[in-house]
Amino acid sequence: MPKIKTTALAFLGIVSLASCLLLAQTQRPGEYPRGENPSPMMNFFVTSVPVGDGGNLGGLAGADAHCQTLAAAAGAGNRTWHAYLSTQARPGTPAVNARDRIGNGPWYNFRGEMIAQDLPHLHGDTMELAHQGNNLNKLTGLTEKGQIVPGLYDYNDPRDTDWEYARNTRFSSRHEMLTGTQPDGTAFTDSQDHTCDNWTSNKSPDRGRSGGDLNASDGRLNAQIGFPDRNGGGSGSWNSAHGTRGCAQADLPKTHGQGLFYCFATN
């Protein structure tokens, strides 16, 4: 065989092997990173599993406890963790703003990548900062286990909208994060419920009130959500894209969520 042809075949073999190795090392959404531990700088993550009772998280205290439990299991329990959630004003009880619960930053993910350096950068408080955006996206919005959250089109199975299927399928679409907040991180001030009764309700809509309106203007209980991958209906916002179809656990997958939320360390 001519030397040039042999060399060319050898080169193609090396390229092919390198490609296979690269593919083998590429982490897909829903997979666990191979042999990695969270960065000691990690003070932000997306919950890897939901509480599992729809919009009833046990209030803010229950959501915070869920963050703390997951963080501890990942080796980051030495920090104080809070859920990024707002609550709305009720008679005798003032509203709580999600942005006021998470410290001042900077925040880093599982890999030690910066999400945002402070609250103004996280929320785009000025026109300039809003134009720049924060660093939260599909590849940085990782769980406490370092997983990329499966999005709308990663595996594209119509069964993802069924909770009984989704709960047992690690690769089902689950990219909606409960927030109950407006884009600036503050609580809603209108009469519509955006927080599943301040994270205590797991009710489905009344019969005849479960249509396609993601913002629930018909008055049903719902929760405002955002997308860490910035991909989906509504505005595509990381913290305030649209509402859910109800507050029951079975309602959340109907818009490609499972009841996950963001956790930030306050120290």
Side-chain angles (χ1 to χ4, degrees), residues 27 29 32-33 35-49 57 60-61 63-87 95-149 151 175-187 224-232 235-241 260-267:
Q27 182 185 339
Y32 299 104
E36 292 184 40
N37 293 314
S39 164
M41 299 171 67
M42 183 181 80
N43 57 359
F44 160 87
F45 62 84
V46 170
T47 58
S48 60
V49 292
L57 308 177
L60 292 178
D64 291 347
H66 189 58
C67 288
Q68 198 72 45
T69 297
L70 295 180
N78 58 324
R79 298 180 183 273
T80 300
W81 292 88
H82 280 179
Y84 182 88
L85 297 169
S86 289
T87 59
V96 174
N97 300 321
R99 67 178 292 146
D100 297 335
R101 312 191 71 246
I102 61 172
N104 298 310
W107 297 283
Y108 301 89
N109 70 2
F110 179 93
R111 296 195 186 113
E113 300 163 314
M114 184 185 287
I115 297 299
Q117 68 183 56
D118 52 30
L119 288 167
H121 282 83
L122 182 64
H123 294 96
D125 283 352
T126 66
M127 188 71 73
E128 181 181 0
L129 293 178
H131 180 71
Q132 292 174 4
N134 58 44
N135 190 39
L136 181 55
N137 56 57
K138 186 179 183 69
L139 297 181
T140 62
L142 305 176
T143 71
E144 81 283 355
K145 298 178 179 180
Q147 298 160 291
I148 298 171
V149 179
H175 74 140
E176 293 185 354
M177 303 296 121
L178 302 174
T179 66
T181 191
Q182 300 184 91
D184 64 354
T186 61
Q224 190 77 353
I225 58 89
F227 307 116
D229 59 359
R230 313 298 183 95
N231 184 19
S235 65
S237 165
W238 73 275
N239 69 339
S240 194
L260 306 181
F261 46 90
Y262 300 114
C263 297
F264 289 78
T266 62
N267 60 343

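- Taking 4.5 Å as the limit, every side-chain heavy atom of N231 sits out of range of all side-chain heavy atoms of K138.
- The two residues D64 and R101 come nearest to each other via the heavy atoms OD2-NH2, 2.6 Å.
- You'll find the side chain of R99 reaches within 4.5 Å of the side chain of T186, heavy atoms only.
- Listed for the S86 side chain is a donor-acceptor partner under 3.5 Å among the backbone atoms of A98.
- A donor atom on one side chain and an acceptor atom on the other are not found under 3.5 Å apart for S240 and Q182.
- Between the side chain of T47 and the backbone N or O of L260 there is no donor-acceptor pair closer than 3.5 Å.
- In this structure, P228 and G141 approach most closely via the heavy-atom pair CB-CA, 4.5 Å.
- A donor-acceptor pair under 3.5 Å links the side-chain atoms of H66 to the main chain of V49, judged by distance alone.
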Derivation of the side-chain contact (heavy atoms from CB on, under 4.5 Å) call for I115 and T140: CA-CA 7 Å; I115 297 299; T140 62; 3.9 Å; yes
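- Within the 4.5 Å cutoff, the side chain of L139 has heavy atoms near those of the I148 side chain.
- For the pair L70 and E144, the tightest heavy-atom approach, listed with the atom from each and the gap, is O-CG, 3.6 Å.
- Of the residues W238, F45, F44, the one that meets the ring-ring contact (aromatic ring centres under 6.0 Å, His included) test with Y84 is W238.
- In this structure the side chain of R230 reaches within 4.5 angstrom of the side chain of L136, judged on heavy atoms.
- Summarising the geometry, atom CZ belonging to R111 is positioned 12.5 Å from atom CE belonging to M42; distances are rounded to the nearest 0.5 Å.
- Remark: side-chain polar atoms of T179 are paired, donor with acceptor, to backbone N or O of N239 under 3.5 angstrom.
- Counting heavy atoms from C-beta outward, P33 and F110 have side chains that approach closer than 4.5 Å.
- The environment of CG in D100 is crowded: more than 12 heavy-atom neighbours from other residues, nucleotides or ligands sit within 6.0 Å.
- Annotation: the span from M114 atom CE to N135 atom CG amounts to 9.0 Å, rounded to 0.5 Å.
- The shortest distance between side-chain heavy atoms of M41 and N43 does not fall below 4.5 Å.
- When all heavy atoms of A63 and A83 are compared, the closest pair comes out as CB-CB, 3.6 Å.
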Under the side-chain contact (heavy atoms from CB on, under 4.5 Å) rule, what do L85 and L60 come out as? Steps first, then yes or no, please. CA-CA 7 Å; L85 297 169; L60 292 178; 3.8 Å; yes
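- Two residues are said to be in side-chain contact when any heavy atoms from C-beta on lie closer than 4.5 Å; L119 and I102 meet this criterion.
- The side-chain heavy atoms of R79 and N267, taken from C-beta on, include a pair separated by under 4.5 Å.
- For the ring-ring contact (aromatic ring centres under 6.0 Å, His included) with F264, the lone residue among W81, Y108, W107 that qualifies is W107.
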Run the side chain to side chain donor-acceptor pair (under 3.5 Å) test on S48 and T143 for me, step by step, so that the C-alpha distance in whole Å, both residues' side-chain angles and the decisive distance to 0.1 Å come before the verdict. CA-CA 5 Å; S48 60; T143 71; 5.3 Å; no
